[in-house]
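These notes concern the structure reproduced below.
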Amino acid sequence: MYLVTLLDGRNQNMVAHTEVSPQVSPEKILTAGECSKTRGSESVRSKGPDVLCEQNEIVNHKKSNHVAVAGSGTVPHPKKKSYKEEDCSLFVAFFTFLSYGVLLLVGYIKEFFVPVTTKEKNREEIELCSPFTNFTIYLSYGVLFFVGYVKEFFYPPSTKEKNREGYVPLYIGFESFYTRNVYRRIQDCWNRAICSVPGAEIDLMERYTPDYGWTIKHTGKTIRCINVGSYNYLGFAENKGPCHDAAEEVTREVGITTSSPRWELGTMEIHRKLESLVAEFLGVEDAITFGMGFATNVLNLPSLLGPGCLVLSDEFNHASLILGLRLSGATVKVFQHNNPEDLEKKLREAIVYGHSRTRRPWKKAVIVVEGIYSMEGSICDLPNLIRIKNKYKAYLYVDEAHSIGALGSHGGGVTDYYGVDPKEVDMHMGTFTKSFGAAGGYIAGSKDLINHLRVTSHAQVYAASMSPPVAQQIITSMVIIMGKDGSTEGRRRIQQLSRNVKYFRQRLRQMGFIVYGHDDSPVVPMILYLIPKISMFVRELTKRGVAGVGVGFPATKITGGRMRFCLSAAHTKEMLDKILKEVDEVGYLTASHYSREPKSQEPIEW
Amino acid sequence: MASQWNVYESFQALLQAGPYHLALEGVLVMCVLWLFTAKKKPSKMVRLTKKEEEDLLADWTPEPLVPQPPPLDHPNLHTRTVYGKAGQYVDLGTGQKLLNLATQSFLNMGERPEVEEAAVTCLHGYGVGSCGPRGFYGTTDVHLNLEERLAAFFNCEAAVLYSYGFSTSASAVPAYAKNGDIIYADECINFALQRGLQASRSRIVYFKHNDPDDLHRLLKEQAIADAKDQKRANATRKFLVVEGVYFNTGEVCALPELVVLRRQYKLRLFLDESVSFGTLGPHCRGITDHFNIPMTEVDLLMCSLELGAGGNGGFCVGTSFVVEHQRLSGLGYCFSASLPPMLAAASIKVVDILEEEGAGLVQQLQDTSTQMHRALTTLHTKVNITGAELSPIKHIRLNESSGDRQSDEAVLRQVVQKAEEYGVAVTVASYLSDREANAPQPSIRITVHKNLTDAQIDTARDALTHAFTDVLG
Ligand SMILES: Cc1ncc(COP(=O)(O)O)c(C=O)c1O
């Protein structure tokens, strides 16, 4: 899914990152691309979608220069020869192909001179993608696009709608080219329905496609798989045990909804209890909670930032952060993933030279990062971020969606992991979807900050408050993690997860796979490079009883196709061994043991 | 250009081309470069010395993170707390149970034990959280089932489920409307829609509240502009965004007139049915059902499940051509964990109920709403009540504003407090007035629940009358 989601998502992300404010000058916008001297492929990724965007706007909008656009300034567009909308598919196909061609060409040339490195900041291993592999990556996309182009030349896709004759087409033909010709063929690897609790093992619903991926049907049978796809880090996705019982009780007591926002009658006792518990858990003064993690970012960043504020945002930040920053109207500069030097350079320059248009000093500067990056498996370099933030009087916003609960000896996230005082981070954000097996998000920090959010956050005023059983699930699981229930269950889970992570990562490396991310991160991306390998891996593993997630362009850069395993405290060593065995076998089938570093053959202890 | 070899060959071909050709190419490249560089700002950036930089850095004093923390007695820092379940009566810790006219559960679904039972049954099977977005094993058969049921309920091809009411319309609109498109929207649309419009970066044209004539005027103006620039018009999508029953005013949308305009001016009609779902139409299907307008007239129907439906999350229905697009482009759909299955299961039960008892439920709610409306019209001489008679949402506004939002709201808050003393829980409609496109006048929002009895309506009227008299004299 992300594959294509992100074709769109990333586009928007890139646009978001670049179009946030009209004040950013063009050369600033491209900084993400420029700084790629060391990491060639980056620039392809970051420039690519922009190229695409431009193409698709030219082709499909033929927009005028004087439409006052909501949010941003006017965007001039080159005049293009007109054609009738109805029979535009040939043009669309042509431009589509052209744009991909340009993309590939730029990418290839770039990587010809600057080979791809799979360098990871927090890890010493640096593996180069061999030129041959690199070539095959582009070749495989080239073939896919070429076939798609030829097919659409002869059988143009119909964009006709019923009951809407004479309307301007709803979709830009370009957007769907990738969907029709690449994603469609492999879409059975995503969106798979399950019919069980997403715990250590899940029941997948078996499906088949009678027509090469255009439609998908369920057979009614199920497949039992070990689950390395869900974000169930501490194994709290359970249908029995204390969390389940407490949630049931609360459902019967107060129902499943409040039907009212927090400002009105949406504040129940349970919400107040939850918020003070979250604050205690994180070791900060106060916390505020919301019904959805995505919305926590999108609906609160606009209350914290505004025009005239400077934001430094990691290039791999989540879509919710990017959207929230865009809606806030702040000026956003993107720095290289997890690269404190790049951050410092850009922050320093931005502060010294002020607002690039008005030349006024910034109102404030905020660094926005994530704790664990869900696609890279990397952990943010918190000590350096704090050093930089203090040196330049900036503020720090850390999205701990994946790291809260999953990192640190007390499950307290990145601050716990690095042993840093939580008060050093100005704004803690996180979600309850992952480690707590619930839903929703929080922001935590100083009393002033939270009070400010209580009276300005959009979600407090316009959205129904968190569902009570969900809140109870969080409370109970958090109490267990903190050991307040008097047991050592929380400790046990945290230790189990951390041992699982060390064991699994080391074994994968030893087998000769390239594994990204930090050694302690429960998100384990394993590099496969090629789209066909991703789909084959997912399918083969499913057949063998392992449910994992494949990710490819545009969720990653073109040369970054990967499998992603999310480990859980619910996994036992036997499960991990089975996963590893199957991964190894499928790895041989697909020739994916890319690592060429020498490996010690010493057995690895769990 | 399909493969490397083409690239390589063209490169070779380029090398073998004659010198004139190369020279020409060179000139072209220079032109392109010049174009790029010429766009840069004319003034050369002055490079500062290290020392100057350090001084500037030391000089810079940023604002505090929160420049003006709210005063500690800010009313919204001290929201009321609900003890136990908010049903027909609600316990706000004041010692007595208050008649609930504040939470937006018009259909009293929270008091149906079968809904809770459905949630608990699902909880036994699936736990609470789904632990992943829809694409990564976050889809359960419960979600698929609910989507199917909702689509069938509306006689539509497809439905897509969101995990948060607010994010439904806020994500759906920008999935279609893009930079360069035009969105016509009612000036009183709810805040979630406004955020959706903002995220789309389209041109937004607001027309007068529920006034098809004003919309027609704007459309005619646009038609004249379009005639001058046909090329652009052919590429500009036009959307019409309205609500079935307006949350901010309680008015019922003049859909029949809008549908005519939609056809005439080729607009895409996006309808938010958050309030009207379950409250209008013989089959509970909302405004289209109410006016007997076929669903084909509507391009996309967006709806939150957090109001009348007594659930969590939201959904969109329409043709699969339109709706399926959101599975790849609806940001709140793709990048967020799916709705906890137990909450989806509860909503399936609600759909069951609506299918079985739809007509009766709607009739009862509309009768109660009408009765309440009439009871409230003679409340006090200094206030008026807005909203359609059959709408379950009503706003009581001051006839004469003091000119200052804050003091108006303070007056209304006093009334709310007094009403509590007289045994009725109501609420001041909450707005972030500085964020709203057209901030509605401060009001007390009354929500009518289906199960209100005549006696309770009388209680409500008397309590509010006393409360207003106490405060306004
Ligand atoms: C960094 C980050 N922030 C926010 C979210 C959204 O959280 P939720 O799924 O609770 O909406 C995610 C989820 O994928 C995430 O990875």
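Throughout, a chain's letter reflects where its sequence line sits, starting with A, and its residues are numbered from 1. Worth saying up front: this structure is predicted, and the values here are computed from it rather than measured.
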Notebook entry, point to check: If you measure from the Lys or Arg side-chain nitrogens to the Asp or Glu carboxylate oxygens, is any gap between B:R80 and A:E264 under 4.0 Å?
Noted result: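 Looking at A:E264 together with B:R80, the answer is no, because their closest N to O distance does not fall below 4.0 Å.
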Next item on the list: Salt-bridge test for A:R252 and B:E117: reply yes if a basic N is under 4.0 Å from a carboxylate O, no otherwise.
Entry: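 Answer for the salt bridge query: yes.
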Gap between atom [atom2] of [Y] and atom [atom1] of [X] - 0.5 Å precision:
X      : Y      : atom1 : atom2 : value
A:T251 : B:L123 : OG1   : CG    : 6.0 Å
B:S347 : A:I256 : OG    : CD1   : 6.0 Å
A:T257 : B:Q104 : OG1   : CD    : 9.5 Å
B:L65  : A:H452 : CG    : NE2   : 8.0 Å

Checking heavy atoms, do the side chain of [X], its backbone, both or neither come under 4.5 Å from chain B?
X      : answer
A:L453 : neither
A:T258 : backbone
A:H271 : neither
A:S457 : backbone
A:E165 : backbone
A:P468 : neither

Check: Where do B:D141 and A:M205 land on the side-chain contact (heavy atoms from CB on, under 4.5 Å) test, with the steps shown first?
Finding: CA-CA 8 Å; B:D141 51 342; A:M205 294 169 72; 3.6 Å; yes
Per-residue contact mode, [X] against chain A (heavy atom under 4.5 angstrom):
X      : answer
B:P75  : neither
B:T427 : side chain
B:T296 : both
B:Q230 : neither
B:A425 : side chain
B:L307 : backbone
B:S304 : neither
B:L72  : side chain
B:A233 : backbone
B:H74  : side chain

Next item on the list: Show your reasoning for whether side-chain contact (heavy atoms from CB on, under 4.5 Å) applies to B:F335 and A:S320.
Entry: CA-CA 7 Å; B:F335 295 100; A:S320 57; 6.0 Å; no
So, do [X] and [Y] sit near enough that their side-chain heavy atoms are less than 4.5 Å apart?
X      : Y      : value
B:E52  : A:V352 : no
A:Y233 : B:C131 : no
B:V128 : A:V470 : yes
B:R195 : A:L327 : yes
A:R326 : B:R201 : yes
B:N76  : A:R454 : no
B:L331 : A:L323 : yes
A:P169 : B:R237 : no

Item checked: side-chain hydrogen bond (donor to acceptor under 3.5 Å, both in side chains) involving B:H143 - partner list, sequence neighbours excluded ->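 B:H143: side-chain hydrogen bond (donor to acceptor under 3.5 Å, both in side chains) contacts with B:T140.
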Item checked: With A:R262 via side-chain hydrogen bond (donor to acceptor under 3.5 Å, both in side chains) - residues at least two apart -> A:T267, A:E275
Next item on the list: Determine, stepwise, if the pair B:K85 / A:E253 fulfils side-chain contact (heavy atoms from CB on, under 4.5 Å).
Entry: CA-CA 7 Å; B:K85 187 188 267 182; A:E253 216 171 279; over 6 Å; no
For chain B, which candidate among [options] shows the most heavy-atom pairs at distances under 4.5 Å?
options                        : answer
A:I351, A:D426, A:N163         : A:I351
A:N227, A:T431, A:V298, A:T456 : A:T456
A:P361, A:G266, A:G291, A:A439 : A:G291
A:K434, A:R348, A:E238         : A:R348

Who wins among [options] for the most heavy-atom pairs under 4.5 Å with chain A?
options                       : value
B:G311, B:A346, B:A337        : B:G311
B:S163, B:G165, B:G125        : B:G125
B:R445, B:M109, B:E111, B:Q68 : B:R445
B:P69, B:G132, B:A102         : B:P69
B:L56, B:V426, B:L343         : B:L343
B:L92, B:V322, B:D55, B:I183  : B:V322

Next item on the list: Kindly say whether the aromatic ring centers of B:F321 and A:Y171 come within a distance under 6.0 Å.
Entry: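 Yes: the rings meet the under 6.0 Å criterion.
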Could you tell me whether the side chain of [X] and the main chain of [Y] form a donor-acceptor pair under 3.5 Å?
X      : Y      : answer
A:K240 : B:H124 : no
A:R192 : B:T139 : no
A:Y462 : B:F166 : no
B:W60  : A:W362 : yes
B:K266 : A:R164 : no

Next item on the list: Apply side-chain contact (heavy atoms from CB on, under 4.5 Å) to the pair B:F239 and A:L170, showing each step before the final yes or no.
Entry: CA-CA 10 Å; B:F239 297 86; A:L170 187 55; 4.0 Å; yes
Check: Without hydrogens or angle criteria, can the side chains of A:Y395 and B:E63 be said to hold a donor-acceptor pair below 3.5 Å?
Finding: no
